[in-house]
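Remarks on the structure that follows.
Worth saying up front: this structure is predicted, and the values here are computed from it rather than measured. Start at 1 and go down the list; that is how both ligands and their atoms are numbered.
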Amino acid sequence: MIKLSKPYITDQCISNVVEVLRSGNLVQGQFVNQLENDVKSYLGVKHAFAVSSGTAALHLALIALGIGPGDEVIVPAFTFPATANVVELVGATTVLVDINLDDFCIDTSKIEQAITPKTKAIMPVHEFGQAAKMDDIIQLAQKYNLNIVEDAACALGAEFGSKKVGTFGELGCFSLHPRKAITSGEGGILVTNKDDIAEKVAMYRNHGIVYKDSKLDFEVAGLNYRLTDFQAALCIPQLEMLTELIECRIKQANFYNDFLGCTSNIKTPVVFDNRKMVFQTYHILLSDDINRDLLIATLKEHEIEVNFGAQALNALKYYSNKYSYKYSDCPNAFRARVQGLALPLGMHLNDADIKYISSTIKKVLCKY
Ligand SMILES: *Cc1c(COP(=O)(O)O)cnc(C)c1O
């Protein structure tokens, strides 16, 4: 079976982990420090915090901004549900905005009509490793005095203009889940350039503890969202190779584009001049006459694992029950959920695999 994705674990990753296990210092050790410093210099940010997941990063971001009951947060309707779940968990209200079908990110022309006096933040998602239109989002955030929390969970290394995503907003959130380009098992990173926000993140990540004058006190009711040292050790060699890993993904994506680009019932990813797409996921959109789920099943028979790309939150039980969302409220999100398809990508594949996957898809689609 050609897998949709596979973590890239080198011998160096494994020996790093063994080193930590033998040392007996499993949490908050040198590798967590090193991972945080490496991310800081890679992104050019002032503060980086290793946390236990991408979801933990998103949750901490909203807590650090003091977002809670009575506040509204704008979230794109097409994403992994964690983006909105954390809004619900801090007691705030999720306001869904539809996406556009060129970048699968929030449709920035539809944000302004969703802003009310209660709106506190916008959470753009850089879906599939493509940057959302940050120029529009920053303009709106400035006009209405809103915070920006970037869900860059699947977009480490992506750029808008020549600036890396995750560094535009008050906070940027990354995931190190095995499905992402680099992984620590479970894990995440939260970044910010603001000292006051960083102080809050540090406190809430670690039980509410603050050290002052070499004394320790619990100043708030905090969480334990720390990353273990062996997880950081696993991830560091992958981070060092990130440029290479991204180049591999871009090359494979271009290869797919060449093979699939002229197929009339497939929309391949749109290329934007001023954005660097890192292809966390190579995601195509099928025309409405194609039965996507049947295609998934047929490709499985050909030993190819493919899957839908992300969820349409307006179609999920929790959000449609609570907010009475209909499919038609965010039609593009729903269309992407129903007709979108993520294809295998990553270091576990070679050019012949991409060719085989593309030609099999074309062959199967001919028979529809
Ligand atoms: C993966 C992902 C998350 C969740 O990250 P975890 O590390 O699995 O908690 C959140 N948002 C987006 C857009 C993601 O791709």
Side-chain angles (χ1 to χ4, degrees), residues 4-7 35 39 48-63 73-90 94 96-97 99 103-106 121-132 134 137 148-158 160 165-166 168-169 171-191 205 223-228 231-232 234-235 238-239 246 249 269 277-283 307-313 316 318-319 330 333 336-337 340 342 345-346:
L4 188 58
S5 76
K6 190 177 174 226
L35 178 63
V39 169
F49 296 91
V51 293
S52 51
S53 70
T55 305
L58 292 162
H59 192 198
L60 275 179
L62 297 187
I63 292 172
V73 179
I74 291 173
V75 175
F78 185 67
T79 178
F80 187 71
T83 323
N85 288 348
V86 296
V87 175
E88 297 294 314
L89 285 170
V90 298
T94 306
L96 297 182
V97 169
I99 56 156
D103 60 13
F104 298 100
C105 296
I106 194 163
I122 307 175
M123 294 178 83
V125 177
H126 305 296
E127 193 60 65
F128 304 139
Q130 177 71 280
M134 289 312 298
I137 293 166
I148 299 172
V149 174
E150 296 176 72
D151 183 345
C154 56
L156 183 60
F160 188 88
V165 303
F168 288 88
L171 293 128
C173 307
F174 299 91
S175 168
L176 301 173
H177 182 270
R179 178 68 182 84
K180 318 298 182 187
I182 66 170
T183 184
S184 58
E186 298 287 359
I189 303 276
L190 182 54
V191 302
R205 176 180 64 163
L223 295 149
N224 176 0
Y225 273 169
R226 299 180 311 240
L227 189 73
T228 64
Q231 288 174 300
L234 174 64
C235 189
Q238 299 170 56
L239 181 57
I246 289 172
R249 287 175 176 276
M277 162 71 155
V278 293
F279 289 100
Q280 169 59 55
T281 298
Y282 185 86
H283 182 264
N307 207 350
F308 62 85
Q311 299 288 346
L313 303 192
L316 297 182
Y318 175 83
Y319 293 95
C330 302
R337 172 66 182 83
L345 205 73

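Using a 4.5 Å cut-off on side-chain heavy atoms (C-beta onward), I148 and F168 make no contact. A heavy-atom distance below 4.5 Å is not found between the side chains of T55 and N85. Taking the side chain as every heavy atom from C-beta outward, E150 and M134 approach each other to under 4.5 Å.
Listed by atom number, the atoms of ligand 1 under 4.0 Å from V125 heavy atoms are 13 (C). The atoms of ligand 1 that sit less than 4.0 Å from any heavy atom of T55 are 4 (C), 5 (O), 6 (P), 9 (O). Under a 4.0 Å criterion applied to the non-hydrogen atoms of T79, ligand 1 contributes the atoms 13 (C). Of all atoms in ligand 1, numbered sequentially from 1 with element shown, those under 4.0 Å from a heavy atom of G187 are 7 (O). Near C154, meaning under 4.0 Å from one of its heavy atoms, ligand 1 places the atoms 15 (O).
Nearest non-hydrogen protein atom to atom 2 (C) of ligand 1 is K180 NZ, 2.8 Å. Nearest to atom 11 (N) of ligand 1 among the protein's heavy atoms is D151 OD2, 2.8 Å. Protein heavy atom at the shortest distance from atom 7 (O) of ligand 1 is S175 OG, 2.6 Å.
Looking at residues two or more places apart in sequence or on another chain, you find no salt bridge (Lys or Arg N to Asp or Glu O under 4.0 Å) involving R249.
Ring pair H283/F128 is parallel by interplanar angle, where below 30° counts as parallel and above 60° as perpendicular.
Of the possible polar contacts, none joining the S53 side chain to the G187 backbone as a donor-acceptor pair under 3.5 Å is found.
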